[in-house]
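Here's the structure, in structure tokens; my notes come after.
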Amino acid sequence: MKNSEESQSHFAHKSEEDFAKILDFYQIRWEYEPHAFPIAWDKKGNVIERFTPDFYLPEMDLYIELTTLKQKLVTKKNRKVRLLRELYPQINLKIFYGKDYRTLLMKYGIEGEASNR
Amino acid sequence: MNSDIEEIVFDEAALQQRVREIAEEINEEYQGKALLLVGILKGCMYFLADLIRHLTIPISLDFMSISTYGFSTEKTGVVRILKDLEKPIENQHVLIVEDIVDTGLTLGYLLKMLKERAPLSLRVCALLDKSSYRIMRVPLDYRGFELGRRFVVGYGLDYQERYRHLPFVCVLKKEICPL
């Protein structure tokens with residue numbers, strides 16, 4: 001598990017690395033993919049599907065999922081998110097979809113040029 | 001400029017009406033007190049200018065500006081103050097004035113920092129709330145409008161430093177701003 005204490009962590013996607021940098025900038029502690037929540041089981045009770053949110057922010061008790069995928073894959077991910085919320089209603093999860101995430105990147109000056117809003 | 005606009009989200013009349021309403025709330029709740037309004041640059045300026053013209057309580061003004069991640073000279077650094085308050089705020093009633101609150105990261109940082117300066121009270125007034133983007137829980141004591149997920153400009157808000165001067169809040173055409 002990677003977290004804000006480590007430098008030069010390796011992420012699955014560039015978007016996750018950028019997001020971690022923004023959190024570091026604001027001195028927000030984070031953990032990268034610390035928990036995998038089972039969301040589907042077979043008839044014998046074996047876990048057949050898990051959902052692993054990208055980040056956990058312990059100070060806020062908040063999970064963050066970044067979705068920069070194509071719509072077809074977003075639909076698949078939305079199903080996982082819906083299951084997670086049904087099975088673990090106590091979990092706080094925030095999803096940033098592609099457009100939302102691009103807006104954030106622009107705001108923080110990572111993609112294109114935006115100002116200090 | 002108008003040809004860049006897709007849709008006006010909050011027109012002048014709606015903005016001015018809501019600003020008046022917020023000012024009335026502030027007048028009532030700070031009655032008999034002096035208030036220091038702290039504007040967060042640059043986006044606050046139109047909202048703040050209109051707001052204070054409706055305030056009847058004794059006020060003073062100050063401004064702050066803090067660095068934004070991608071615009072910092074050191075990409076591995078942390079947030080820092082570009083312009084600090086000119087005077088101490090100890091034992092004063094302080095109201096932070098923001099144009100928009102989304103993730104709450106900037107505001108959360110400011111609140112933490114200003115609380116350490118021991119104000120008598122510290123509250124927040126934001127014109128627009130993009131609550132679906134919230135990461136850090138921050139209290140919005142006065143809120144103009146919930147914005148949803150739209151990216152807007154005007155009335156202080158910019159896109160690449162443009163459109164701040166528009167007297168309304170609007171969405172830009174996709175060919176201008178693809179967000």
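Lettering of chains follows the sequences in order, A, B, ..., and the numbering in each one begins at 1.
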### Message
Can you list the residues of residues 104-123 of chain B that sit under 4.5 Å from chain A, counting heavy atoms only?
### Response
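Hits under 4.5 Å: B:Leu105, B:Thr106, B:Tyr109.
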#### Entry: salt bridge (charged side-chain N to carboxylate O under 4.0 Å, His left out) partners for A:Glu16, two or more places apart
none
Looking at [X] and [Y], what are the two nearest heavy atoms and their distance?
X	Y	value
B:Ser67	A:Tyr26	O-OH, 4.3 Å
A:Lys94	B:Arg134	CE-O, 2.7 Å
A:Met60	B:Arg137	O-NH2, 3.1 Å

### Task
State the OG1-CD1 distance between B:Thr103 and A:Ile22, to the nearest 0.5 angstrom.
8.5 Å
### Message
Before you tell me yes or no, could you show the steps for A:Met106 and B:Tyr159 under side chain to side chain contact (heavy atoms under 4.5 Å, CB included), namely the whole-Å CA-CA distance, both residues' side-chain angles and the distance that decides it to 0.1 Å?
### Response
CA-CA 9 Å; A:Met106 195 185 72; B:Tyr159 174 59; 3.2 Å; yes
### Message
A:Asp100 vs B:Phe151, test: side chain to side chain contact (heavy atoms under 4.5 Å, CB included). Steps then yes/no.
### Response
CA-CA 9 Å; A:Asp100 301 331; B:Phe151 181 83; over 6 Å; no
### Query
Side chain, backbone, both or neither: which part of A:Ile95 has a heavy atom under 4.5 Å from chain B?
backbone
### Task
Measure distances from A:Lys99 to the heavy atoms of chain B and classify the residue's part below 4.5 Å as side chain, backbone, both or neither.
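For A:Lys99, the contact with chain B is made by backbone and side chain together.
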### Trace of the side chain to side chain contact (heavy atoms under 4.5 Å, CB included) decision for A:Phe96 with B:Ile135
CA-CA 10 Å; A:Phe96 286 100; B:Ile135 293 173; 3.9 Å; yes
Over 12 foreign heavy atoms within 6.0 Å of [atom1], [X]:
X	atom1	value
B:Gln31	CD	no
B:Glu28	CD	no
B:Glu86	CD	no

### Query
Do A:Thr103 and B:Lys130 have side chains that get closer than 4.5 Å, going by heavy atoms?
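Side chain of A:Thr103 against side chain of B:Lys130, heavy atoms only: contact under 4.5 Å found.
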### Message
When you compare the side chain of A:Tyr97 with that of B:Arg149, does any pair of heavy atoms fall below 4.5 Å?
### Response
yes
